Amino acid sequence: MNQEKHIERLDKILVNSGFGSRKDVRRILRSGSVAINGNVVYNFDEHVDIDSSSITVDGKILQIDWHCYLMLNKPKGYVCSSKSGIYPTVWDLLNEEDYHKYLGGELSCVGRLDLDTEGLLFLTTDGTLNHKLTSPKYRVPKTYFVQLEKTVSVSEQNRYTQELKNGIFIPSDGKEEAVDCLPADCVWKDFKEARECELTVYEGKFHEVKRMFLALGNSVIYLKRISMGGVSLDQSLQAGQTRKLTNSELSILMNY
């Protein structure tokens with residue numbers, strides 16, 4: 001992924017950083033409180049490369065984020081839409097300092113998890129990365145821990161695994177059209193009879209994992225996403241908690 005230049009007007013940077021309205025910011029600039037790389041600046045329309053410049057206000061260095069990249073351990077009972085008249089949304093879980101408009105845009109979910117699905121959810125202002133991680137053409141792996149309603153024998157495990165690997169057909173359920181799924185990888189948690197497995201899919205169709213197992217003759221009773229694009233859910237994150245992605249995690253996602 002190409003490295004884009006992040007250049008913005010100084011007044012917009014200061015407004016975005018919480019220094020008030022544009023009128024307030026221009027008053028601060030006229031006072032001589034703002035410096036770029038040690039040089040006092042008075043022009044509100046000064047353009048700044050935030051990746052290579054240091055901005056100070058009253059001698060304090062501003063920490064400026066063009067984009068935001070968050071990991072959320074989504075709990076059950078929350079939807080991934082920005083508005084819901086019935087259920088709370090994942091936006092209700094964010095810290096106030098994380099949930100605001102960034103220079104690079106507004107936060108969006110990277111794909112969605114159902115109301116009753118838990119686990120790894122990325123949120124970012126980076127539309128290019130969001131598209132890359134969710135577009136079927138990139139085939140980014142998403143791994144889920146699955147608990148099934150019915151116990152699966154060894155021979156049935158082999159059947160499930162092979163049918164999923166071949167690319168299973170999902171019939172119409174009345175709301176969603178019938179589709180042929182991309183091949184998926186299934187790893188069982190027990191070599192005897194089992195009800196638990198890890199399933200890796202390479203696309204993001206609506207209710208895909210649940211519909212896959214329904215097509216095989218079983219039902220999903222618990223579902224948790226544990227990794228996406230080579231980045232795993234931080235086990236230290238409690239349900240409902242968020243943290244910023246590390247540079248290492250971000251590099252993995254951007255170079256997947």
Side-chain angles (χ1 to χ4, degrees), residues 1-4 67-74 79-81 90 104-105 107-114 116-148 157-173 175-189 196-216 218 220 222-235 245-256:
M1 186 175 294
N2 294 330
Q3 184 69 35
E4 57 180 321
H67 281 309
C68 180
Y69 304 91
L70 298 176
M71 174 187 293
L72 167 67
N73 185 358
K74 178 192 171 297
V79 294
C80 292
S81 60
V90 294
L107 277 172
S108 298
C109 294
V110 180
R112 296 192 175 194
L113 294 177
D114 299 337
D116 58 351
T117 301
E118 302 177 3
L120 178 64
L121 182 68
F122 297 132
L123 300 104
T124 185
T125 58
D126 189 339
T128 301
L129 180 62
N130 196 332
H131 173 72
K132 179 179 180 181
L133 294 177
T134 54
S135 174
K137 75 175 184 178
Y138 292 108
R139 301 199 175 191
V140 174
K142 306 165 188 68
T143 301
Y144 295 81
F145 172 74
V146 183
Q147 278 188 345
L148 299 170
Q157 288 178 35
N158 292 334
R159 179 178 71 84
Y160 280 27
T161 300
Q162 191 59 51
E163 289 194 35
L164 291 165
K165 186 176 182 179
N166 291 340
I168 195 168
F169 171 76
I170 300 179
S172 171
D173 62 2
K175 296 180 181 179
E176 296 296 316
E177 296 180 354
V179 291
D180 288 309
C181 294
L182 292 175
D185 300 315
C186 185
V187 177
W188 295 92
K189 307 300 282 185
E196 297 179 351
C197 64
E198 289 185 4
L199 183 72
T200 300
V201 298
Y202 299 88
E203 54 190 342
K205 290 183 168 62
F206 186 69
H207 288 166
E208 181 178 24
V209 174
K210 295 175 182 177
R211 294 174 68 199
M212 281 178 161
F213 283 102
L214 277 175
L216 291 167
N218 214 324
V220 173
Y222 177 78
L223 189 61
K224 181 176 184 177
R225 185 154 68 195
I226 56 177
S227 71
M228 181 176 184
V231 174
S232 298
L233 177 65
D234 185 340
Q235 296 302 308
L245 291 179
T246 66
N247 290 336
S248 175
E249 290 167 338
L250 188 55
S251 178
I252 290 170
L253 294 176
M254 287 189 165
N255 293 290
Y256 187 83

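All values below come from the heavy atoms of this structure, side chains included, with hydrogens, waters and symmetry mates left out. The model shown is predicted, which means the values in this text are computed figures rather than measured ones.
- Counting heavy atoms from C-beta on, the side chains of M71 and V231 come closer than 4.5 Å.
- The two atoms that bring R112 and S81 nearest to each other are NH1-CB, 4.0 Å, heavy atoms only.
- Side-chain N or O atoms of T161 include one that pairs as donor or acceptor with a backbone N or O of Q157 at under 3.5 Å.
- Residues Y138 and H131 meet the side-chain proximity criterion, which asks for heavy atoms closer than 4.5 Å.
- Atom CG in D234 sits 12.0 Å away from atom CG in L72 (nearest 0.5 Å).
- Using a 4.5 Å cut-off on side-chain heavy atoms (C-beta onward), V201 and L199 make contact.
- Looking at heavy atoms from C-beta onward, L216 lies in side-chain contact with L164 at the 4.5 angstrom threshold.
- Note: R225 CZ to Y144 OH = 4.0 Å, rounded to the nearest 0.5 Å.
- In terms of the salt bridge (Lys or Arg N to Asp or Glu O under 4.0 Å) criterion, E196 has no residue partners (sequence neighbours excluded).
- Annotation: salt bridge (Lys or Arg N to Asp or Glu O under 4.0 Å) contacts of E208 (sequence neighbours excluded): none.
- In this structure, R139 places its CZ atom where only 12 or fewer heavy-atom neighbours from other residues, nucleotides or ligands lie under 6.0 Å away.
- With rounding to the nearest 0.5 Å, the separation of CG in L233 from CZ in F122 is 9.0 Å.
- Atoms CG and NE2, from N130 and H67 in turn, are 11.0 Å apart once rounded to the nearest 0.5 Å.
- Between the CD atom of E177 and the CD1 atom of I170 there is a distance of 12.5 Å, given to the nearest 0.5 Å.
- Closest non-hydrogen pair, F213 versus C197, comes out as CZ-SG, 3.8 Å.
- One distance of note links OG1 of T134 with CG of L129; it measures 9.0 Å at 0.5 Å rounding.
- The shortest side-chain heavy-atom distance between L253 and V140 does not fall under the 4.5 Å cut-off.
- With a 4.5 Å cut-off on side-chain heavy atoms, K165 and C186 do not count as touching.
- The side-chain contact (heavy atoms from CB on, under 4.5 Å) search around P171 returns F169, A215, not counting sequence neighbours.
- Heavy-atom minimum distance, A184 versus M212: CB-CE, 4.1 Å.
- Residues N158 and Q162 bring no donor and acceptor atom of their side chains to less than 3.5 Å of each other.
- Of all the heavy atoms in L120 and L113, the pair that sits closest is O-CD1, 3.5 Å.
- For D116, the salt bridge (Lys or Arg N to Asp or Glu O under 4.0 Å) test picks out K210, with sequence neighbours left out.
- Listed for the T125 side chain is a donor-acceptor partner under 3.5 Å among the backbone atoms of C68.
- For Y160, the ring pair (Phe, Tyr, Trp, His ring centres under 6.0 Å) partners are W188, not counting sequence neighbours.
- Nearest approach of S172 to A178, heavy atoms of both residues: N-CB, 3.5 Å.
- Scanning for salt bridge (Lys or Arg N to Asp or Glu O under 4.0 Å) contacts around R211 gives D173, with sequence neighbours left out.
- Heavy-atom minimum distance, C109 versus L123: SG-CD2, 4.0 Å.
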